[in-house]
Amino acid sequence: MARVRRALTDVPRAETPDEVPVERAYHRVHGDRTAAESVDLLAEHLADYRAIVHRVDAPSLPALIARLLADRGATGVAVPPGLPASWLSAVPDSVRRVPDTAELTPHDLDAVSSVVTACAVAVAETGTVVLDAAPDQGRRRITLVPDHHVCVIRVPDQVVDSVPQALERLDPTRPLTWISGPSATSDIELDRVEGVHGPRTLEVILTGPETAGRS
Amino acid sequence: MPSFPRAADASTRNTQLRANLRHATHTIRAKRATAVAELDDWSRLRAAGAAIKDRTLRHLDHYLERLESAVTAAGGHVHWAADAEEANRIVTELVQATGEREVVKVKSMATQEIGLNSALATAGITAYETDLAELIVQLGDDLPSHILVPAIHRNRGEIRDIFAERMAQWGRPAPEGLTDAPADLAEAARLHLREKFLNAKVGISGANFMVAETGTLVVVESEGNGRMCLTLPETLISVVGIEKVVPTFQDLEVFLQLLPRSSTAERMNPYTSTWTGTTDEDGPRAFHLVLLDNGRTDTLADTVGRQALRCIRCSACLNVCPVYERAGGHAYGSAYPGPIGAILTPQLRGTGSEVDASLPYASSLCGACYEVCPVAIDIPEVLVHLRERVVEGGPASVRGTRTVIKPAKGHAAERAAMRAARWTLDHPRVLRTGQRLASRTRRFHPRRLPGPGRAWSDTRELPRVPEESFRDWWQRTRGESRTEGRKTT
């Protein structure tokens, strides 16, 4: 720290950090959209980075989740402690429920093929969902080790347009995971390959009153 | 380590390397331009990014103190490392204290810079690189050659051979009959590394940003290997340069827009993780932050060169640099290649060695790097400044002490020439006489220089001396015509 101070002898002693100007002339949001348009943009940008997007009204949500798990041949599903019980109500009992608990080891999770979570907020401009480890999302690891992540976004409430708007809604003291499409690499001749270490498939369900009839 | 010109002399003859680099840099360059064009306030974001970093750097002591107390309050431990050796010792001791002999690593420029892996190896600890490109580099006993895509110099066939031959020595072997399809290679890496992730007790990372206000660390990545290392192990050790601090959580709104678009040309990278100290039952139980100086305060002390510490390691400057595109990353002789490396490395390490003294010259000063830099680092300005330091010496901070450094060795001829030039230009009569003399003897001039100048003229045509100097020509034509003109009008 003494070295840092010695290096800054050109800075007047009386100067405070706030006196160094930072002009925030950038936009809080790019463009002017209705809530519905923001949801559309979110869907478009999620799909751009190869997330699979579904739209469904609230009553049809359990059936859709059950179908997505069945399509993947899921034998087990990791379940955050605060996930609404109704969401998995249509999933047959033959699919093992693996509750997210402290005892769950990485090896245990590796044997689970799918996970279903809610999210904290989603960003339309970037096609991003943010998880903040709230009870309906569970610990960070459960959305990482299984190969198939189904993430439910309540629209339009949980959708914001921009990164600045998303940060305003988030609590920095919680561990945050921002997810934009499935795991990907471009390390081999810049060919994009999905699913190196994280989930190979990200399915996003947009659910809410105005999604009725548009699934 | 050879000087840049000698290293580049070898690498530019490698046509495979040049083809790989050309393809890669042109591809990312085009994509980046599209991603940036989506935001009509890009120049304002860029200005804000530069301003936030400048504010932080001017008051780095203040923000580092805040960061330390915030991290500590959130359950983390903060360690200070003045140089690479101290950082390596701290990390080694922290790993030894866990009783583990293996660690998993997130791709990190800081640990690359300090040579952490070999320091750990000396202590009998194996560090596994888990980023796909870093894995390719590690298995191939190779060095990274690009900040973002370290194995950019390798093509798929080479990667297949490296995996097939070397994976078994490090853990799970490559599958039989591995092809060179990128998807197959990525799958082989997935299987090879998954057993490492599931068993790892210690993870080591860097960080893209540290928030002073909250003690929050941020890692931006694509593959998920970062998330694996940050959340599955019991102990997490992050080695981060002191310049990575930003004042507030809100400031991330600028950098999370600037970084992905500049770097991978995406609206947002697939995964960003943030953590603040430790969280009960979610992620590591112990978190250590090692704050690394290693030449950063020396860089900070230089009011021109300080701006290099704004760098957010996006690598956009590499992808537009005509010199990098032809010479490749290894020629720069450090963890930081390309234009940013050419100004960062000689400041972090000083200009004492041959390679470091040559780096400020590893540029055509075309300025493309400045144009694309998301935090507006004037790389050409710093290059010229460092060239002066190499040739002339002068005041600088070395390992925390203000000193006057001597000119670098090997630049004696250049220095002599510059001094002679200055003297001549200060004496116009001598200059005129000299120019006339040169013109009259022009047919006796050699096409190549003799003696110490020979190497210089190996790669250059000597300029032909004109029949008449510009000054004489001006005097003869304009000088007279102007007087004539006055007469006629």
Side-chain angles (χ1 to χ4, degrees), chain A residues 1-11 15-17 20-27 30 45 48-49 102 106-107 110 123 125-128 133 139-141 144 163-164 167-168 172-191 193 195-199, chain B residues 24 27 39 41 44-45 47-48 51-52 54-55 58-62 64 132-133 149 151 155-156 159 182-183 185-186 189-190 198 211 214 216 222-225 227-228 231-232 249-250 252-253 256-257 267-276 279 281-283 293 297 300-301 303 397 400:
Chain A
M1 192 63 81
R3 270 197 193 186
V4 176
R5 293 206 179 95
R6 271 206 303 279
L8 292 169
T9 47
D10 63 301
V11 178
E15 183 184 291
T16 64
V20 185
V22 173
E23 198 184 349
R24 296 180 192 271
Y26 52 87
H27 304 319
H30 296 89
H45 284 170
D48 252 11
Y49 284 131
H107 283 281
D110 195 34
V123 190
E125 286 182 7
T126 58
T128 305
R139 292 179 302 160
R140 288 173 277 175
R141 58 175 57 180
L144 173 62
V163 171
L167 284 163
E168 278 168 17
T173 63
R174 305 188 68 89
L176 305 176
T177 306
W178 298 51
I179 300 172
S180 310
S183 159
T185 183
S186 298
D187 280 341
I188 302 165
E189 298 184 17
L190 297 182
D191 263 5
V193 179
V196 199
H197 304 303
Chain B
T27 307
L39 300 187
D41 60 341
R44 294 172 186 181
L45 279 167
I52 292 168
D54 279 349
R55 171 184 284 185
R58 280 180 78 85
H59 293 279
L60 194 58
D61 49 344
H62 167 80
L64 287 172
L132 178 54
V149 272
N155 53 27
R156 60 186 71 190
I159 295 167
L185 296 171
R190 179 186 178 97
L198 298 182
V211 181
T214 58
T216 306
S222 294
E223 294 172 12
N225 66 304
R227 296 180 62 194
M228 292 274 185
T231 56
L232 296 186
F249 189 63
Q250 192 207 339
L252 294 176
E253 72 190 17
L256 289 181
Q257 295 191 74
R267 293 186 189 103
M268 189 61 85
N269 49 290
Y271 295 130
T272 298
S273 299
T274 80
W275 70 100
T276 306
T279 307
E281 295 180 359
D282 187 351
D293 180 341
T297 49
L300 189 67
T303 50
S397 177

With a 4.5 angstrom heavy-atom cut-off, could you sort out which part of L190(A) is near chain B: side chain, backbone, both or neither? side chain
Compare every heavy atom of L132(B) with every heavy atom of I188(A), then report the nearest pair and how far apart it is. CD1-CD2, 4.0 Å
Heavy-atom distance under 4.5 Å to chain B: side chain of H27(A), backbone, both or neither? both
For the candidates E125(A), R139(A), R6(A), which exhibits the highest count of non-hydrogen atom pairs separated by less than 4.5 Å from chain B? R139(A)
Close side-chain approach of E15(A) to H59(B), heavy-atom, < 4.5 Å: yes
Side chain, backbone, both or neither: which part of V193(A) has a heavy atom under 4.5 Å from chain B? side chain
Report the residue from T128(A), D48(A), T126(A) that forms a side chain to side chain donor-acceptor pair (under 3.5 Å) with R267(B). D48(A)
Say whether Y26(A) and Q257(B), considering side chains only, have a donor N or O and an acceptor N or O under 3.5 Å apart. no
Under the side-chain contact (heavy atoms from CB on, under 4.5 Å) rule, what do L256(B) and W178(A) come out as? Steps first, then yes or no, please. CA-CA 11 Å; L256(B) 289 181; W178(A) 298 51; 4.1 Å; yes
Quick one: which of R141(A), H30(A), R5(A) has the most heavy-atom pairs under 4.5 Å with chain B, could you say? H30(A)
Using heavy-atom distances under 4.5 Å, tell me whether A47(B) contacts chain A through its side chain, its backbone, both, or neither. neither
Between CG on residue D187(A) and CG on residue L185(B), distance to nearest 0.5 Å: 11.5 Å
In terms of heavy-atom proximity below 4.5 Å to chain B, should P164(A) be classed as side chain, backbone, both, or neither? both
Under the criterion side chain to side chain donor-acceptor pair (under 3.5 Å), which of T231(B), T279(B), D282(B) is the partner of R140(A)? D282(B)
What part of E23(A) gets closer than 4.5 Å to chain B, counting heavy atoms only: side chain, backbone, both or neither? backbone
Whether the T185(A) and E223(B) side chains hold a donor-acceptor pair (N or O, under 3.5 Å, no angle test) is what I'd like checked. yes
Looking at P182(B), S397(B), A51(B), which makes the most heavy-atom pairs under 4.5 Å with chain A? P182(B)
Under 4.5 Å between any side-chain heavy atoms of R24(A) and E253(B), yes or no? yes
Flag the pair I179(A) / R227(B) as yes when at least one side-chain heavy-atom distance between them is below 4.5 Å, and no otherwise. yes
Salt bridge between R156(B) and D191(A), side-chain N to carboxylate O under 4.0 Å? yes
Contacting region of D293(B) [heavy-atom separation from chain A under 4.5 Å]: side chain
Is it the backbone or the side chain of T27(B) that comes under 4.5 Å from a heavy atom of chain A, or both, or neither? side chain
Going by heavy atoms in the side chains, are D61(B) and L8(A) under 4.5 Å from each other? yes
Against chain A, work out which of A189(B), A24(B), G283(B) has the most heavy-atom pairs shorter than 4.5 Å and name it. A24(B)
Looking only at non-hydrogen atoms, find the nearest pair between R55(B) and V20(A) and report the distance. NH2-O, 2.8 Å
For the CH2 atom of W275(B) and the OG1 atom of T173(A), what is their distance to the nearest 0.5 Å? 15.5 Å
Heavy-atom side-chain proximity of D10(A) to R58(B) below 4.5 angstrom: yes
Between N225(B) and V196(A), is any pair of side-chain heavy atoms under 4.5 Å apart? no
Derivation and outcome, side-chain contact (heavy atoms from CB on, under 4.5 Å), residues M268(B) and V123(A): CA-CA 10 Å; M268(B) 189 61 85; V123(A) 190; over 6 Å; no
S183(A) vs Y271(B) side-chain heavy atoms within contact, under 4.5 Å: yes
Among S273(B), S222(B), G224(B), which residue has the highest count of heavy-atom pairs closer than 4.5 Å to chain A? S222(B)
Do L64(B) and V4(A) come close enough that some side-chain heavy atom pair is under 4.5 Å? yes
Examine whether an atom of L252(B) lies under 4.5 Å from a heavy atom of chain A, and if so say whether it belongs to the side chain, the backbone or both; otherwise answer neither. both
Atom group of P199(A) that falls short of 4.5 Å from chain B, counting heavy atoms: both
Relative to chain A, which of V149(B), N155(B), T297(B), N269(B) shows the most heavy atom pairs under 4.5 Å? T297(B)
